[in-house]
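Structure, as structure tokens:
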Amino acid sequence: MSRPPSRRTMRRPLARRIDDFLRDWSLPRQLAGQPHRSDAARSTLSEGLRPRLEQADTVSTTICPYCAVGCAQLSYVKDGRLIHIEGDPRSPINQGTLCPKGAATFSLVNNPQRLSRVKWRAPYSDRWEEKPLDWAMERIAQLVKRTRDETFVHKLPNGTTVNHTMAIGSLGGATLDNEENYLIKKVFSAGLGLVWVENQARV
Amino acid sequence: MNAVPSTPVANPTGPWRGETYYGVPPVRRSHWNWKVGTYIGLGGMAGAAQVVALLARGRDRHGALRRQAHWLGSVASGIGAVLLVVDLKTPHRFANMLRIVRPTSPMSLGTWILSGFGLASAVGTVAELLGARRLGRAAQVPAAIGGAGMSVYTAALLSATSTPLWAAEPRVMGARFGSAAFAAGAAALSLGARRRGEDATADRLDEVALLAAGVGLVASGLAEGRAVAAGVRRPALEWATSLGAVGLAEALPVAGYAAAALAPGARRELSLAASLTLVLGNIVMRNEIVRAGNASADRPRDTFRLTQPREGRRRTR
Amino acid sequence: MAQWDVANSDCIIVMGSNMAENHPIAFRFVLQAKERGATVIHVDPRFTRTSALADIHAPIRAGTDIAFLGGIIRHLLENDLWFRDWALAYTNIAEIIEPGFQDAGSGGGKFSGWNDEKRGYQFDTWQPEGMAMASAISEHYLNTAENFSSMTHKLAEHPPPEDRSLRHPMCVYQILKRQYAAYTPEMVAKTTGCPQETFLKVCEALARNSGRERTGAFCYAVGWTHHSTGVQMIRAAALIQGLLGNVGRPGGGILALRGHTSIQGSTDIPTLYNLMPGYIPHPNAQKPETSLKDYLEHETVPTGWWHNFPKYIVSLLKAWYGDAATGQNEFGFQLLPKIMGDHSQLPMTMAMADGTIRGMFMLGQNPIIGGSNSDTVQRGLAKLEWLVVRDMVETETASFWHKGRLVERGELSPDKVATEVFLMPAELGPEKEGTVTNTHRLVQWHDKAVDGPGDSRSELWFVYHLGRRLKQLYAGSTDPQDAPIQAVTLDYREKGARREPSAEDVLREINGYTWPDRKQVAAFTELKDDGSTACGCWLYSGAWPKQDHNQARSRVPDPPQGPGTHLGWAFAWPANRRTLYNRASADPEGKPWSERKKLVWWDAEKKDWNSPDALDFEPHKPPGYRPDWSHPNEGMDAISGANPFIMMADGKAALFVSSGLKDGPLPTHYEPVESPVRNPVHPATQTNPGAKTWGRPDNPLHEVGDPRFPHVLTTYRLTEHHSGGIPTRLVPHLAELQPEGFAEIPPELASALGIANLDWVVLSTARGEVETRALVTERLRPFEIAGRRIHQIGMPWHFGWVGYATGDIANALTAVVGDPNTSMHENKALTCALRKGRIPRPPEAAE
Amino acid sequence: MTEVHARAQEHTPSEFNRMIPDESELTAGVRIEPGRSYGFFTDTTLCIGCKACEVACKEWNALPADDVRLSGMSYDNTRRLSSTTWRHVAFIEKEVRDNTQQALQSSWLMMSDVCKHCSPAPCLEACPTGAIFRTEFDTVVVQQDICNGCGYCVPACPFGVVAMDDNDGKAHKCTLCYDRMKGGLEPACAKSCPTDSIQFGEVEALQTRAETRVQELRDRGVAGARLYGTPGAEGATGGIRHLNASFLLVDRPEVYNLPAAPSRPAERIAPALGSGLVAVAGLALAAFALLGRRR
């Protein structure tokens, strides 16, 4: 059943409305003996009703992005758009069930409030400005390099090699994939020498 | 809903001791308001008018009563239909009312009754306008049958709900609506007769109205009493409006007609006043019944008292 | 233990967790166990929906878990209810400890070895007699005598001394009896406020459901970790389960219920300061580890599986630095940054506030809501030069400069904040592919269903492309300090128009492959320490065992008839084992302790172990194998056929922990840092001696029983919201279910202060004030402690100013206070004040 | 379903190109076939009040969120079923007795309320346009292409479930996922319920399961355990044979806002019409006597 139609005053031509009325008219079916409670009353909408999942062209297994129980979900996609997310009946953890947060994953991902452009705020400015992704990446790389070069400590006064900068930190993320955390530790720590690298594990 | 009554502890196996779920009503009130109330009043009056007119055929040599009844039937049906369509939340689908005949739905039956009654009255009215007396007289029979339906189906309409006040006593509700409609019908015709100077007929109609209003008064008293017995508890203000409406629709007219009968000098004026009060009072009383019913649906304990298991209290079958 | 294994438990104690509300699907298995006759017990300061579904609810004052658990230990020992055969064989209960050791009970609340000006313990008196026990992720070198590491080598010469008759005064059994002598049922009731008969009912239920035929499980979450004694609370449960033999057996164990979808993954492959992937200690400038040789010398444990440590660190360096890591340059060890001490989120908050940190990345984290002392976090953000926030919307952390508490109070305003802020849209789970690791080590691959909107990108994309740009910027540099960024390898294939780096390639690298021909290794047993293998995280070896087989993406559950270990459903580290230490489900001769709790058993004919689960033991090692101590035995040679705990140096479960924990070898009850009463168990020692408290003007702490803050405050989560709140406060269908912040207040306290249901109230601590709505409920009851009536107040901490469901930030009340071992904050037990009304708005702001 | 269904072995790839046929067999162990009667049995002793059912229902039917306001009614900020809320979890806090409570839902009762899909259904019987009808699965559905918003079903419902939506002018209530069942999918709420408190299946099978469950609970000492809506129990009274969505409660129905002995409104038609016509006929006779003669 799709979203209940908002109030639309029907100005369809009179003929169309009479035609619809006659098509769904129960009286003749009642006279033909159909019970008024069920068959005689069934409308064309009910006759042709199907669940929208039948139109999905790909069904992928995703894992609920909320807590660590690790419920498996089935994400239904039609023409490259997400149309529904539901529990995966094959998972030995949740067997198709989901808690309220997991059940709301579709509304999380398809949330109209979500950002889609990079926003940037200049020092002391009172508003956001929209910026191209490429511009932001270049500027962040420059800032990282400048801060690192100005604060990098190669060796301590007592000669111990430390190879770190205390001036750049990174928080995140227990919500990220293992591959993402792997690259963060590899690039930020092993590459750039950051030591302030943490995530929600201690929060 | 700030200071919400916390749920008193229920003994799982014991009787109900007034527990509610934070005061949230267990049933839902209808969205009906003055439109439906007025329709019930008008429909009942016009329906009964056709019945009375048919009964008075003997003395209605010139068909004045008949014409008036047909006019009343057509106008009331027209206004009623418009009121009902406007009351629909999706009015442009009003025709779906005639999509099916559902014997379990008073509204479905009512729609067909209203259609039949309206049609018969309209045919009668046109016949009268064209002077086709025989057709006018013939139309009176279906109109009267439809009229009887119009004056009582609305009782079933309200009784066949879960609203405590309406569902408390279906039989008394039926008698109350039947008698109130009958009185209003007779009163309406009496007004017409008086205006046309047919005082004798008007006197007889007054007597019918007096009788019907009297029966109605008794039925109303019984209905209000039985509702309390069934568990409907109304705050003081609501008591006042309900009894006031009954007073206006039935008590006052009864007194008026009685006075008219006892004081021949002021007979015309008293009769006109009584009939007018009855006709308008009838509509006011119907609206009050609708309003008080909706209010009872908002009181959880009314519903719970009404729905205690049978051995808890006496109920119809 | 696997979550579905909880269904096999005969007794489940949910403690330090509100499982029904915060892990509803995990609770499904608790109810299944209950329907099969298990006893469910919930020990919690509040009566919650877990308590409603439990057979027994034991109410305790927030922060007194160790008093309760210590009482259970004493009860088990006094009444001899522990599983003697199992504990004697598989734990160090018989080990004899140095004569110089003194337990906290007789030491006025401190163990022997406390050093006042260093504010820390010397571990020497805690060791087994005449030798030193090295711990797995040892941080024990920080404050131990110089010859400590040489003493550990004795482990390879002979097993620790033990007295199996348990009569020796310094054996662990006798030490336990002395340590927990004070934890009588009366003391438990006095400290926790839980009635004695309820406490005894819990003890009996647990004891009755343990032993040969029956197993019990503990389920805990941040209700234990959010304390200054958090680690020791978990240790107490481990001690109990060790005594009762509830480890490595079906339905037995301790299930940690973790909060985020891959928080286990983010500790295995850590974005944490003190660890490198696979729980390898991050090199520390304060330790004598200037070279790879020194580092291996110090960190390699002589006996047990950790002896393979060098293969894992060298393979890791090979994976990070590729060809730049050779035998000649210590495989790039010198390129690694060294940590200076504690760089966790609490000191990071202080470092931001002090201006030490000039640039920050927020990758899906929202510290203004989740971090303790929220106002100080917000002030710190204002001190940054630049801030990069990658999230789905403008979170509180991204909007600190023009919204929030400090802006409302006029303390901050855009024209005073110099921070350059980048707010970049991030892709969510279904919009990227990769693996997440759940709360029982299950590494599950998730497919990419759709692209994220507009410029949304994954963190993989962001870090990969940022890394590539920085490598280009540093390409020409000859400065040695730039060698690390030049050496680190980023050779992953790029996919599609958005040039998304292949998560599959990254997972192949994490699994490990031979170098340089990159043939996937099937398991960590194939890793070498000569640079011929590269492996991003040895624990995850087996996730991508063959060129084209991604085990993490395998979706083959067991059929209804069993066996119920579901080895075909995704990958569990290590080596797809679902129940850790499952060798312990068989007795020393290899026979199952009971048919009902059978999991692993020795097959004499096949000369091998048999089990529906992957064996967590050395294959083909017969139960009868005993090391020949006529000569030294290193690594797994020192582990007998009857030592299930292969990761421990002596192959036994540690009831008594000789090294590795900074606040004592045994759990001891200390009051939270902010408590209304003196420590009833050890009056001389109020709080955990090693607790980290950053005493600073912007982090003031309350004195014991401070009259200004008489009530106990505990913070917690709701079912409908998640941690920082952003991913649920923005979803209409969740926001409407819990639309506003509130605080749960007991009726007696509410009526005393004239507070009615839904009134506005103000909670305050020395760190700040918050205003919220009152939810008056009997589910929080007062406690009689030390003659005083203590009221507890509860407040969910998800709310903030963004989204449909908003409210004030609970973490504006909490302090930066940390557990000595993990620096976990203490937001579960602190003190606060409560008053009716609202916080007066400054005049010009109140429009 | 406590263990994974055998048919899960037929769908082992991680990604595939169409939904699992007859998925209800995997999630509820029931293959949905037209002509059989299906419903819910909600065992409130397993309910943990997580509201997954409320969210799953709104997500599937794309119902708007409404009334984002703290209610003060324990953890129930949803308050009641409405035209845009077809599942509502009730929370009832009773005084917390001594610390060892009676097993199963002691001191904090939770229950997921839904349309009862009564048999016979008062809303269906009242509906004058035939918009409300009995589907091929014996469930009760308001057909959105027929309903003209007359609102008669609203006061007719003995449980206050169906409601009028002022935005789109039609009546709405739970459809027991009529569209899903046509595609062999278990209703969204029952599939999502983590503890299988909401059980979907054929009505007879659910009723026998309910009878055994309530007996088993009483033996285990849950004194207040009682069925609601199964034949002969509270809720299936006054002409209502049974409710296709039945419940197992542990306290009086009123505590959960359910009437103990509701009645079928249609049974009040005959008495009302009957006595009405008698009154009219009586008055007609009198009127005929008065009006019939000429002068």
Side-chain angles (χ1 to χ4, degrees), chain A residues 60 62-63 65-66 68-70 75 77 82 92 94 99-100 104 107-109 113-116 118-119 121 123 126 133 141 143 145 147 152 154 160 162-164 167-184 186-187 190-191 193 195-199 201-203, chain C residues 24-26 258 260 263 265-267 269 271 285 320 337-339 343 345 348 357-361 363-365 370 386 392 414 418 420-421 423-425 429-430 434-436 438-439 444 446-447 449-450 453-455 459-460 463 467 469 473 481 485 488 503 506 557 566 722 731 733-734 824:
Chain A
S60 349
T62 54
I63 303 299
Y66 284 109
V69 169
S75 293
V77 173
L82 204 57
N94 55 319
C99 82
S107 287
L108 167 73
V109 177
Q113 307 251 340
R114 276 185 69 180
L115 288 170
S116 60
V118 175
K119 290 188 176 171
R121 181 251 179 188
D126 62 353
L133 181 57
L143 282 172
K145 182 170 190 311
T147 311
F152 196 82
H154 188 48
T160 323
V162 283
N163 264 340
H164 65 221
I168 305 177
S170 162
L171 270 179
T175 58
L176 305 181
D177 294 345
N178 294 318
E179 293 73 20
E180 291 171 320
N181 280 318
Y182 177 73
L183 272 200
I184 294 168
K186 180 173 184 180
V187 172
V195 287
W196 297 105
V197 174
E198 273 289 298
N199 71 54
R202 285 182 228 272
V203 169
Chain C
I25 305 281
R258 311 213 52 183
H260 287 278
I263 196 163
S266 70
T267 33
I269 298 175
T271 36
W320 276 359
K338 290 197 171 60
I339 58 175
H343 302 295
Q345 184 168 338
M348 188 189 283
I357 298 180
R358 291 162 52 184
M360 270 300 283
F361 290 94
L363 309 173
Q365 189 160 339
W386 48 272
M392 55 185 282
E420 178 178 350
V421 185
L423 176 56
M424 303 176 74
T435 58
V436 286
N438 92 337
T439 200
Q444 296 183 92
H446 55 89
D447 297 323
V450 286
D455 285 342
E459 288 351 287
L460 202 66
V463 176
R469 285 172 187 270
L473 291 176
Q481 72 179 30
I485 182 68
V488 82
V506 178
H566 303 290
H722 190 60
V731 175
H733 291 159
L734 292 172
M824 291 283 289

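A, B, ... follow the sequence lines: proteins, then strands. Residue 1 opens every chain. This is a predicted model, so every value here is computed, not measured.
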Hey, which of C/G454, C/P425, C/A26 has the most heavy atom pairs under 4.5 Å with chain A? C/P425
Flag the one option from A/R114, A/H164, A/K145, A/R121 with the top tally of heavy-atom pairs under 4.5 Å to chain C. A/R121
Just give me the residue among C/D447, C/I339, C/V506 that pairs up with chain A most often, heavy atom to heavy atom, under 4.5 Å. C/D447
Looking only at side chains, do A/N181 and C/S266 share a donor and an acceptor under 3.5 Å apart? no
Measure the spacing between OG1 of C/T435 and CD of A/E180 and express it to the nearest 0.5 Å. 9.5 Å
In Å and rounded to the nearest 0.5 Å, what is the CE to CG distance from C/M348 to A/L171? 4.5 Å
Between A/T160 and chain C, with a heavy-atom cut-off of 4.5 Å, which part of the residue counts as in contact: side chain, backbone, both or neither? side chain
For chain A, which candidate among C/A503, C/G364, C/G359, C/G429 shows the most heavy-atom pairs at distances under 4.5 Å? C/G359
Between A/L115 and C/P453, what is the shortest heavy-atom contact and its length? O-CG, 4.0 Å
Between A/Y182 and C/L460, is there a side-chain heavy-atom distance shorter than 4.5 Å? no
What are the two closest heavy atoms between A/V69 and C/T439, and how far apart are they? CA-CG2, 4.5 Å
Do you know the tightest heavy-atom contact between C/M424 and A/V118? CG-CG1, 4.1 Å
Nearest non-hydrogen partners of C/V731 and A/S107, listed with the distance: CG1-CB, 3.6 Å
Identify which part of C/P430 has an atom lying under 4.5 Å from any heavy atom of chain A, answering side chain, backbone, both or neither. both
Identify the two heavy atoms, one from A/V195 and one from C/P337, that lie closest to each other, and give their separation to 0.1 Å. CG1-CB, 4.4 Å
Here the gap from C/I25 atom CD1 to A/Y66 atom OH, rounded to the nearest 0.5 Å, amounts to 14.0 Å
Among the listed options C/I357, C/V436, C/V488, C/I269, the residue most often paired with chain A at heavy-atom distances under 4.5 Å: C/I357
Of A/L176, A/V197, A/L183, the residue whose pairing with C/T271 passes side-chain contact (heavy atoms from CB on, under 4.5 Å): A/V197
Only pairs of heavy atoms separated by less than 4.5 Å count here; which of C/V450, C/T267, C/L423, C/I485 has the most with chain A? C/L423
Non-hydrogen atoms of A/E198 and C/Q365 that approach each other most closely: O-OE1, 4.4 Å
Below 4.5 Å, heavy-atom pairs only: which of C/H446, C/H260, C/H733 has the largest tally toward chain A? C/H260
Decide side-chain contact (heavy atoms from CB on, under 4.5 Å) for A/L143 and C/E420; before the verdict, give the C-alpha distance in whole Å, the side-chain angles of both, and the deciding distance to 0.1 Å. CA-CA 10 Å; A/L143 282 172; C/E420 178 178 350; 3.9 Å; yes
A/V77 versus chain C, the contacting section by heavy-atom distance below 4.5 Å: side chain
Would a 4.5 Å heavy-atom cut-off, applied to side chains only, mark A/T147 and C/W386 as touching? yes
Under 4.5 Å from a heavy atom of chain A, the part of C/L473 involved: both
Go through A/K186 and C/V463 one step at a time and tell me if the side-chain contact (heavy atoms from CB on, under 4.5 Å) criterion holds. CA-CA 10 Å; A/K186 180 173 184 180; C/V463 176; over 6 Å; no
Select one option (side chain, backbone, both, neither) describing which atoms of C/H722 are under 4.5 Å from chain A's heavy atoms. both
For chain C, the option from A/N199, A/T62, A/V187, A/I168 that forms the most heavy-atom pairs under 4.5 Å: A/N199
